[in-house]
Q: 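Quick one: this structure, given as structure tokens, is what I'll be asking you about.
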Number of protein chains: 2
Amino acid sequence: MPKPSRTPPPAGAAPLPSREGTRAALLDAATAVFVEQGYDLARVRDIAERAGANVAAINYHFGGKEALYLEVLRHQAGERIERYPFADAAQLAGAEQALRAAVTALLSRFLAEDQRAFVAKLLMRELLSPTPALRTLVADVIAPQFRQLSAIVARLLGPKADTETVTRCTLSIVSQCMFYLFARPLVEQLAPHSYDSGGPALLATHIAQFSLAALQARRRDLEAGDA
Amino acid sequence: MPKPSRTPPPAGAAPLPSREGTRAALLDAATAVFVEQGYDLARVRDIAERAGANVAAINYHFGGKEALYLEVLRHQAGERIERYPFADAAQLAGAEQALRAAVTALLSRFLAEDQRAFVAKLLMRELLSPTPALRTLVADVIAPQFRQLSAIVARLLGPKADTETVTRCTLSIVSQCMFYLFARPLVEQLAPHSYDSGGPALLATHIAQFSLAALQARRRDLEAGDA
DNA sequence: GCATGATTAAAACAATTGTTTTAAACAAGC
DNA sequence: GCTTGTTTAAAACAATTGTTTTAATCATGC
């Protein structure tokens with residue numbers, strides 16, 4: 001029983017990847033589709049089409065949709081592990097400057113329109129519908145960054161601050177930054193120009209200022225023995 | 001062609017609702033399932049089963065899954081519109097106390113294990129996959145509460161604070177509270193005892209303290225003409 | 001050029017899902 | 001008791017989705 005003759009590639013489709021490129025094209029396409037749609041709504045046919053490949057290639061190269069998703073997370077995590085957002089920030093002379101730079105870096109990563117935001121966007125979806133991959137993603141990618149920010153916060157709070165206080169203050173900073181990513185539709189409705197040109201810079205300045213003031217006051221309390 | 005004989009209700013199933021109660025049972029069941037699963041993963045068969053009704057009842061009473069979802073949102077919004085979380089908080093004598101009470105009320109609502117958290121949980125899912133209903137939900141339920149918190153913030157910041165500053169400070173407070181709802185799996189991994197007994201009260205105290213310090217510092221800046 | 005393994009593409013499959021169909025059962029009014 | 005409209009339940013339907021099957025095509029090595 002001969003197979004039907006294969007169709008030539010359509011004129012307007014994505015260029016066919018070279019043989020060794022199909023897997024990479026699928027990985028890229030899947031990343032984009034998972035970021036846009038989340039795992040549940042992402043369709044293997046969309047991914048294949050976007051990659052210029054056949055839907056059976058997903059099973060061939062990755063074993064299936066779920067394994068492809070895990071590979072996307074692993075791949076994005078690997079891309080990020082090599083670069084910590086605050087590496088240069090930690091070198092700054094003053095702890096205040098370090099915090100400003102860290103907040104700016106964190107917020108700009110969250111609000112980036114390109115692949116810099118992929119991990120964060122995938123994280124948002126994972127948080128709402130966790131898969132087993134979340135634990136690894138947090139441990140390998142998020143926690144190291146969190147620890148770096150905590151170190152800056154600890155410097156600002158001084159030697160009297162216990163670990164819990166440092167952690168809670170760090171979470172207060174992270175939450176302000178992350179909020180503008182996950183709650184974007186809400187913010188756009190409550191404060192419609194927040195994401196306009198120049199908006200994110202203003203937000204970063206505000207978050208840094210708000211948080212620095214809080215940390216300085218907490219430090220004073222701790223040193224006055226009021227805590 | 002006679003229909004197959006109808007099966008008697010299974011012994012262990014949900015008690016069958018009275019005739020006038022099926023619609024209400026479906027609405028309650030749907031609320032729970034949409035909160036747990038989100039719209040996309042929620043299955044009409046699960047909802048029907050949970051309500052002790054037949055799957056065709058959803059179409060009969062609501063026209064379909066989507067219309068049921070919209071009705072759930074409308075219904076939950078209506079439940080909330082009649083009660084603002086800070087009504088009694090606004091009566092407190094001091095603005096500081098008002099803020100503390102507001103933060104406590106907001107966080108406890110977000111972290112409630114019962115229906116008090118339904119609107120917030122549905123909002124989290126809407127934010128990640130917006131439907132047209134989000135705009136109405138924000139306008140009718142969230143924005144009024146936001147305005148009340150803003151009024152407290154404005155009192156704390158004093159007359160020199162412009163609207164944008166008030167809004168951004170209010171968002172800084174809301175984001176800290178909301179974070180512990182949407183990012184729960186992350187927080188549980190980074191700060192594992194945050195949700196233990198007594199944890200939420202500690203968090204509320206921390207958020208209020210952190211935010212009050214920041215607002216007081218901002219007020220001083222404004223009044224010193226530094227802003 | 002042949003053999004072998006890798007890769008691809010189209011068709012088919014199996015399961016799932018929300019919706020529709022249809023008639024039975026129910027409730028209310030006369 | 002009959003009629004009428006409402007409500008329900010089981011079966012069927014149609015569409016969708018990820019996966020599997022199968023053979024063609026390709027690439028490499030001898």
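So that the names make sense, note that chain A is the first sequence line, chain B the second, and so on, each numbered from 1.
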Q: Nearest to the side chain of A56(B) - dT21(C), dT19(D), dA9(C)?
A: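 Closest nucleotide among those given: dT21(C).
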Q: Which listed nucleotide (dT8(D), dT7(C), dT19(D)) is nearest to the side chain of N59(A)?
A: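 The answer is dT19(D).
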Q: Could you label the plane-to-plane angle of the F182(A) and F179(A) rings as parallel, tilted or perpendicular, counting under 30° as parallel and over 60° as perpendicular?
A: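 Ring orientation of F182(A) relative to F179(A): perpendicular.
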Q: In whole Å, I'd like the distance from the CZ atom of F62(B) to the C1' atom of dT19(C).
A: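 Atom CZ in F62(B) sits about 16 Å away from atom C1' in dT19(C).
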Q: Checking D196(B) now: which residues fulfil salt bridge (Lys or Arg N to Asp or Glu O under 4.0 Å) with it, not counting sequence neighbours?
A: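 Checked D196(B) against salt bridge (Lys or Arg N to Asp or Glu O under 4.0 Å); zero matches.
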Q: Measure CG/N54(B) against P/dG18(C) and give the value in whole Å, please.
A: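 These atoms are roughly 14 Å apart.
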Q: Whole angstroms only, please: what is the CD1-P distance between I58(A) and dT7(C)?
A: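 Going from CD1 in I58(A) over to P in dT7(C) covers 16 Å.
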Q: Taking OP1 and OP2 of dT7(D), is either one under 4.0 Å from a side-chain nitrogen or oxygen of Y60(B)?
A: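 Result: yes.
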Q: E126(B) versus V138(B): any side-chain heavy-atom pair under 4.5 Å?
A: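 No - every pair of side-chain heavy atoms lies 4.5 Å or more apart.
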Q: How close or far is atom P of dG18(C) from atom CD1 of I47(B), stated in whole angstroms?
A: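 Result: 8 Å.
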Q: Can you check whether H61(A) has a side-chain N or O nearer than 4.0 Å to OP1 or OP2 of dT8(C)?
A: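 Yes, H61(A) has a side-chain N/O under 4.0 Å of OP1/OP2 on dT8(C).
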Q: So, does S175(A) use its side chain to make a donor-acceptor pair with the main chain of S172(A) at under 3.5 Å?
A: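 Yes; judged by distance alone, with no hydrogens or angles, the pair exists.
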Q: For the pair R100(B) (side chain) and A204(B) (backbone), establish whether a donor and an acceptor sit closer than 3.5 Å, ignoring hydrogens and angles.
A: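 No; judged by distance alone, with no hydrogens or angles, the pair does not exist.
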Q: According to a strict under-4.0 Å criterion, is T22(B) in side-chain N/O contact with OP1 or OP2 of dT8(D)?
A: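 Answer is yes, contact under 4.0 Å.
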Q: Would you tabulate the pairs of protein nitrogen or oxygen atoms and nucleotide nitrogen or oxygen atoms of nucleotides 12-17 of chain D closer than 3.5 angstrom?
A:
from    : atom 1 : to     : atom 2 : distance (Å)
dT17(D) : OP2    : R43(A) : NH1    : 2.3

Q: Starting from C1' on dT20(D), measure out to CD on E66(A) and report it in whole angstrom.
A: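 In whole Å, dT20(D) C1' and E66(A) CD are 17 Å from each other.
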Q: I'd like to check the salt bridge (Lys or Arg N to Asp or Glu O under 4.0 Å) partners of E71(B); sequence neighbours left out, ordered by chain and number.
A: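 Checked E71(B) against salt bridge (Lys or Arg N to Asp or Glu O under 4.0 Å); matches are R74(B).
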